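To start, the structure itself, in structure tokens.
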Number of protein chains: 2
Amino acid sequence: MASMQQIADALGITRTHVARALSGRGYVRRSLKQKILRVARQMNYRPNRSAVALATQRTMTIGLFMDLDPSYFGAFSPSFRIVLCLSDALERWGYSLKMMPPHATGAEGIDGAICVFKSGLRHWAKVRRPSLPAVAILRHDAGSVAEAERLEMPWAAYDRRPGMSALAALCARKGLRRVGLLSFEMPRDNPGLAEIRAALAQHGLSLPDTDIFEIQRCPETLIAQMVELAPRLRALDLCVLRSNQVAVPFYQAAHLVGLRIPADLSLAGYDNAYYTDRFDPPVSSLQFSIEALCAQAAEAVTSAIAGEDFDRQIRIEAEFVDRGSIR
Amino acid sequence: MASMQQIADALGITRTHVARALSGRGYVRRSLKQKILRVARQMNYRPNRSAVALATQRTMTIGLFMDLDPSYFGAFSPSFRIVLCLSDALERWGYSLKMMPPHATGAEGIDGAICVFKSGLRHWAKVRRPSLPAVAILRHDAGSVAEAERLEMPWAAYDRRPGMSALAALCARKGLRRVGLLSFEMPRDNPGLAEIRAALAQHGLSLPDTDIFEIQRCPETLIAQMVELAPRLRALDLCVLRSNQVAVPFYQAAHLVGLRIPADLSLAGYDNAYYTDRFDPPVSSLQFSIEALCAQAAEAVTSAIAGEDFDRQIRIEAEFVDRGSIR
DNA sequence: TTGTACGCGTTATCAT
DNA sequence: ATGATAACGCGTACAA
């Protein structure tokens, strides 16, 4: 790992040239610039975070606003993956990530913010300073996007529609005509529900209200509720599991009542297949790259801080991955 | 928020005095030192992390080595709490926390390390540089402590024995004579098992092998396994749940077979009552302060970096908290 | 006991 | 187009 001075010494030039070549600001003749960049790479140049921070009067720290629900349901969330991916991605830009505690009442000591999902957005809304660049990471739906737009925030969101379309196409191809949905209680205008129905409709399929099975958010009775629903679910050709939070207990309930997957019932997850990935079979599900989402969000916020242009509306498309839970 | 220079200006002295007074190194006359400290407090002095880092050639970053098991079982762990608490605690010492990715093959860019549990210790062992201060956060048992000592690392551990003693005393007092244990498969020389037996023995109670009920680590069959065990568990006066990972599914299984808690069976958790804290009733369990544990570990590692003396063997005692799951 | 001066690595400004 | 230099806030060696 080399500093600017070491590169300058190696080339027999002044530090100033190196700084200009690496920052892209100021004038360096093209040939020299190329040489500097090459040597910088060879010598493994990394900017010194502390020095940059001191000179620019920044902290080189990005605050993470994310709700860390400590309940049973919160356990089944990709929070940790998001933290790791963001931390990794930001590091490449010379920034570090700081988790803002739930009780944080200010946004001190950070150069920018990343807000995860609606809950993170709400936390941020309470403490935000308008001058502080921030981006949102969202599930792509009308409500979330509207909330980000209202705060005039750029966002990066994953869009389930392409994956859901692929799933609907698969159903049509395989002749799985009766499709149901297992979900926690949700309002009837839930955007996910509308998405699922739209995708199915594209392929001549429908999801009647009577095939939507809702579960109460009560951890103790979770399995019992699903056991009770089993006979009715058995009548479906395919059951869509709304999230990991229903997928895991559903597998457990299915085993309990001898419902074989996929022999007796085909399953598809409407979310990344966290936590069921070691099940047999893992749930076939929508899938999008958290790495990509976080990398894009990180690039957006760092660009915003640097005053550079960037894409204020980033979409990551989910695909559908068949892992064997569909007959 | 004021800098040293601002304090010096306010007092009409040089910055050097302020630096010496605040650091405690070097000579300042007592009266002046008092005044400086008072004014520093009034003006809300905070050291500038970047400046400290640049001047001392440190990164002011502590690496966190912790296994983030992405499986079903990993979901029921206090990892997130530990990250938040450590991050909070380190911030008070001017340090920030960096999660070291599982694939990290080096320990670059950090001034010290905190390793969580045996798995974190093993990761650290692969990448450690002996010159880099590190502390371990452990469950207090012979194996973990031995591993830390072998690496010549200071450690902070929580000790369940006081809490377990209190639980055993409660059992004796209430006449709960037949005590069983529900646990994942474990070797017979498991240190936790020995601890539980020792505590019970103190109060004239025993835990025969026949009252140890072991569960296979298979998420799909988890509930079914427990349902099957229910009749035998019912015969106990009190069932000790080895961890949250069995506690949550056990509550679900109990509801399924109509086993009422505590009317039909008294329960006690051998771990903090994460995830069951919103159950009815929450499990009465051992309890220790993660905040305290993390704060101590943070202080230890920062002291080690500063070359100061510190306690190399820190114990946090668990107590027992009755939340209503014992008749 | 007190003050001066330099260094840390980078950014940014001002002369050449 | 190029190079020299001040600033950023703090630690510290050394001189007074």
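Predicted, not measured: the structure shown is a model, and the values here were computed from it. So you know, we letter chains A, B, ... as the sequences are listed, proteins then strands, and number each from 1.
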- Message: Please report the interatomic distance CG(A/Leu97) to CG(A/Asp88), rounded to the nearest 0.5 Å.
- Response: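 The distance works out to 10.5 Å.
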Among the candidates [options], find the nucleotide nearest to the side-chain atoms of [X].
X	options	result
A/Thr56	C/dT1, C/dT11, D/dA4	C/dT11
A/Arg20	D/dT2, C/dA5, C/dT10	D/dT2
A/Arg15	C/dT11, D/dC10, C/dT4	C/dT11
A/Ala55	C/dT11, D/dG9, D/dC10	C/dT11
B/Tyr27	C/dT1, D/dA6, C/dG9	C/dT1
A/Ser3	C/dT13, D/dC10, C/dG9	C/dG9
B/Ala19	C/dG9, D/dG11, D/dA13	D/dG11

- Message: On the nucleotide D/dG9, are OP1 or OP2 found under 4.0 Å from the side-chain N or O atoms that A/Gln57 carries?
- Response: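 Yes, A/Gln57 has a side-chain N/O under 4.0 Å of OP1/OP2 on D/dG9.
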- Message: Heavy atoms only, 4.0 Å cut-off, all strands: where does A/Arg25 land among base, sugar-phosphate and nothing?
- Response: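 Answer is sugar-phosphate: A/Arg25 comes under 4.0 Å of backbone atoms only.
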- Test: A/Asp159 and A/Arg161 ion pair at under 4.0 Å: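 Yes.
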- Query: Applying the side-chain hydrogen bond (donor to acceptor under 3.5 Å, both in side chains) test to B/Asn44, which of B/Arg46, B/Arg41, B/Gln42 qualifies?
  - Reply: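 It is B/Arg46, the one option of B/Arg46, B/Arg41, B/Gln42 that forms the side-chain hydrogen bond (donor to acceptor under 3.5 Å, both in side chains) with B/Asn44.
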- Message: Can a donor-acceptor pair be found, under 3.5 Å and without considering hydrogens, that links the side chain of B/Asn272 to the backbone of B/Phe288?
- Response: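 It does hold such a pair.
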- Task: Give a yes/no verdict on a cation-pi contact between B/Arg20 and B/Tyr27, requiring under 6.0 Å between NZ or CZ and the six-membered ring centre and an angle within 45° of the axis.
- Result: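 Negative - B/Arg20 is either too far from the ring of B/Tyr27 or too far off its axis.
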- Quick one, which residues of residues 40-50 of chain A touch DNA chain C with a heavy atom under 4.0 Å?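 Contacts with DNA chain C under 4.0 Å: A/Tyr45, A/Arg46, A/Pro47, A/Asn48.
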- So, for B/Tyr274 and B/Phe76, is the gap between ring centers shorter than 6.0 Å?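 No, they do not, as the ring centres are separated by 6.0 Å or more.
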- Message: I'd like to know if B/Arg58 reaches the base of D/dG11 with its side chain, counting only an N/O donor and acceptor under 3.5 Å.
- Response: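 Flag unset: no donor-acceptor pair detected.
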